[in-house]
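Presented below is the structure to which this report refers.
Lettering follows sequence order; numbering is per chain, from 1.
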Protein chains: 2
Amino acid sequence: MKKTRDTDLALMFDRFMRSIHFGLQQKAGDFDRKSVGPGGGMLLMTLADAGQVSQNELSRRMVRDKSQMTRMIQGLEGKGLVRRENSTSDGRVVMVSLTAEGEQVVEELLEAVADVIGDLLAPISANETQLLKQLLSRIV
Amino acid sequence: MKKTRDTDLALMFDRFMRSIHFGLQQKAGDFDRKSVGPGGGMLLMTLADAGQVSQNELSRRMVRDKSQMTRMIQGLEGKGLVRRENSTSDGRVVMVSLTAEGEQVVEELLEAVADVIGDLLAPISANETQLLKQLLSRIV
DNA sequence: TATTGTTATACTCTATAACTATA
DNA sequence: TATAGTTATAGAGTATAACAATA
């Protein structure tokens with residue numbers, strides 16, 4: 001049997017993510033009416049998970065530079081999917097949240113992602129899926 | 001406790017990969033002398049894992065379009081890190097493998113990745129890491 | 001001084017389609 | 001016809017640095 005190194009995790013994670021993107025792209029027409037793209041989709045899903053958060057917190061959660069947040073958020077704001085509001089307690093901070101339309105788009109997106117992930121997870125059991133999520137949530 | 005959906009896996013996987021890239025980038029000067037970039041790095045690691053394979057197989061393993069393979073491989077070939085050879089059994093096929101210099105570069109890269117992944121995996125035990133790899137290898 | 005967010009720039013990654021050559 | 005690989009193009013993602021405003 002082939003020796004597996006921890007570095008193989010990088011290959012496996014990358015492959016998993018790429019499989020999700022690839023799977024989604026096959027059915028993009030079904031839900032990506034607003035053509036938010038992969039990055040926009042991740043941002044919307046992060047917002048659905050986090051609720052109203054500052055751009056800085058988004059940048060931290062998505063492990064992407066704050067300058068990218070500005071652009072992505074501006075794009076989604078232009079499409080009416082997210083809302084930006086100045087923080088009342090700190091004049092520097094901009095809070096971001098989903099609009100009603102954004103909620104609807106992310107709902108369709110989540111459904112599509114659930115489909116794709118469901119297919120990917122077919123080789124392992126529901127219990128193992130729970131275990132996987134539990135392990136990952138402790139890591140990230 | 002917050003309900004977790006399977007779709008959260010997408011966020012967690014993305015975050016893990018981004019953390020690897022971010023961690024590597026911090027120490028890029030230490031090993032990325034050839035400036036292969038993230039894509040080139042993944043390709044080199046895939047080759048280290050797979051040995052000599054066709055471009056088509058690489059495209060399949062990395063879940064990326066074949067046209068991207070051409071470009072990435074040409075870039076790495078120009079840097080002397082990979083070698084292309086025509087298949088003897090099928091005139092259409094190009095086999096790709098690491099050069100001696102490529103082996104050396106990937107070795108440094110793997111060391112850096114192991115460092116970063118080691119840090120990321122700190123919250124879980126060695127046994128759990130094994131379990132995680134075992135689950136993932138069954139999925140991808 | 002430090003932090004939040006913006007802007008500008010250059011570079012890499014990606015999807016798509018049209019193409020050549022071999023099977 | 002089908003498959004392996006190439007080329008060209010446009011668009012999306014990313015890192016970096018310089019900047020303004022607030023703390």
Side-chain angles (χ1 to χ4, degrees), chain A residues 14-15 17-29 32 34-44 46 52-79 82 84-96, chain B residues 14-15 17-29 32 34-44 46 52-79 82 84-96:
Chain A
D14 183 64
R15 187 162 178 180
M17 281 310 294
R18 290 286 313 157
S19 297
I20 293 180
H21 286 313
F22 189 76
L24 282 177
Q25 180 187 308
Q26 302 299 89
K27 54 169 72 178
D32 200 5
K34 291 287 183 175
S35 57
V36 296
M42 294 301 300
L43 181 41
L44 291 179
T46 302
Q52 187 180 50
V53 288
S54 70
Q55 289 194 193
N56 201 40
E57 168 70 8
L58 269 180
S59 166
R60 215 180 50 72
R61 284 205 186 215
M62 299 184 68
V63 200
R64 277 154 180 95
D65 194 84
K66 55 187 176 161
S67 65
Q68 292 172 53
M69 289 301 116
T70 297
R71 190 111 30 114
M72 291 171 96
I73 289 169
Q74 282 174 348
L76 293 174
E77 191 182 26
K79 287 169 182 152
V82 305
R84 287 157 23 99
E85 294 167 294
N86 292 323
S87 166
T88 52
S89 57
D90 188 332
R92 298 169 300 180
V93 172
V94 177
M95 301 299 287
V96 187
Chain B
D14 182 64
R15 186 162 179 180
M17 282 310 294
R18 290 286 315 157
S19 298
I20 293 178
H21 287 314
F22 189 77
L24 281 177
Q25 183 187 308
Q26 302 299 89
K27 54 170 72 178
D32 199 6
K34 291 287 184 176
S35 57
V36 295
M42 293 302 299
L43 180 41
L44 291 178
T46 302
Q52 187 180 50
V53 288
S54 69
Q55 289 194 192
N56 201 41
E57 168 70 8
L58 268 179
S59 166
R60 215 180 50 73
R61 284 205 186 217
M62 300 183 68
V63 198
R64 275 153 182 98
D65 193 83
K66 56 189 175 161
S67 66
Q68 294 174 51
M69 289 301 117
T70 298
R71 190 109 28 116
M72 293 171 95
I73 289 168
Q74 282 174 348
L76 294 173
E77 190 182 29
K79 287 167 182 155
V82 304
R84 288 157 24 99
E85 294 168 293
N86 293 322
S87 166
T88 51
S89 56
D90 188 331
R92 298 170 301 181
V93 172
V94 177
M95 302 299 288
V96 186

Q: Using a 4.0 Å cut-off on protein heavy atoms (strictly under), produce a 5'-to-3' string for nucleotides 18-23 of chain C with B for base contact, S for backbone-only sugar-phosphate contact, and - for none.
A: ----BS

Q: Verify whether one side chain among Asp65(A) and Ser67(A) offers a donor that lies under 3.5 Å from an acceptor in the other.
A: yes

(Q) Does any part of the side chain of Lys66(B), heavy atoms only, come nearer than 4.5 Å to the side chain of Gln55(B), both counted from C-beta? (A) no

Q.
Taking 4.0 Å as the cut-off, does a side-chain nitrogen or oxygen of Gln68(B) come that near to OP1 or OP2 on dT16(C)?
A. no

Q: Output yes when at least one side-chain N/O atom of Gln55(A) is less than 4.0 Å from OP1 or OP2 of dT6(C), else no.
A: yes

Q: Using salt bridge (Lys or Arg N to Asp or Glu O under 4.0 Å) as the criterion, list what pairs up with Arg60(B), not counting sequence neighbours.
A: Glu57(B)

Q | Pairwise side-chain contact, Val82(B) with Leu44(B), heavy-atom cut-off 4.5 Å (strictly under) | A | yes

Q.
How bent is the helix from dT1(C)-dA23(D) to dA23(C)-dT1(D), measuring the angle between the end axes built from five pairs each, rounded to 10°?
A. 10°

Q) Does a side-chain N or O from Gln74(A) land closer than 4.0 Å to OP1 or OP2 of dT7(C), or not? A) yes

Q) Ser59(B) near the nucleic acid: base, sugar-phosphate alone, or nothing, with a heavy-atom cut-off under 4.0 Å? A) nothing

Q. At under 4.0 Å between heavy atoms, what does Asn56(B) touch on the DNA or RNA strands: base, sugar-phosphate, or nothing?
A. sugar-phosphate

Q. Arg18(B) side chain N/O closer than 4.0 Å to the phosphate oxygens (OP1, OP2) of dA15(D)?
A. yes

Q: Ignoring the backbone of Val93(B), work out which of dG5(D), dT6(C), dT12(C) is nearest its side chain.
A: dG5(D)

Q) Who pairs with Gln74(B) by side-chain contact (heavy atoms from CB on, under 4.5 Å), at least two apart in sequence or on another chain? A) Thr70(B)

Q) Which value, rounded to the nearest 0.5 Å, describes the distance between Leu76(B) atom CG and Met69(B) atom CE? A) 10.0 Å

Q) Roughly how many Å is it from CE in Met17(B) to P in dT14(D), rounded to a whole number? A) 12 Å

Q.
Which nucleotide wins on minimum distance to the side chain of Ser67(A), given the candidates dT16(D), dA15(D), dT6(D)?
A. dT16(D)

(Q) Counting C-beta onward and ignoring hydrogens, is there a side-chain heavy-atom pair between Arg92(B) and Asn56(B) closer than 4.5 Å? (A) no

Sort me out a list of protein N/O and nucleotides 9-11 of chain D N/O pairs below 3.5 Å, or just none if empty.
residue, atom, partner, partner atom, Å
dT9(D), O4, Arg71(B), NH2, 3.3

(Q) Classify Arg84(B) by what it touches in the nucleic acid, base, sugar-phosphate, or nothing, heavy-atom distance under 4.0 Å. (A) sugar-phosphate

(Q) I'd like to check the side chain to side chain donor-acceptor pair (under 3.5 Å) partners of Arg18(B); sequence neighbours left out, ordered by chain and number. (A) none

(Q) Starting the side chain at C-beta, find the nucleotide from dT6(C), dA15(C), dG5(D) nearest to Thr70(A). (A) dT6(C)

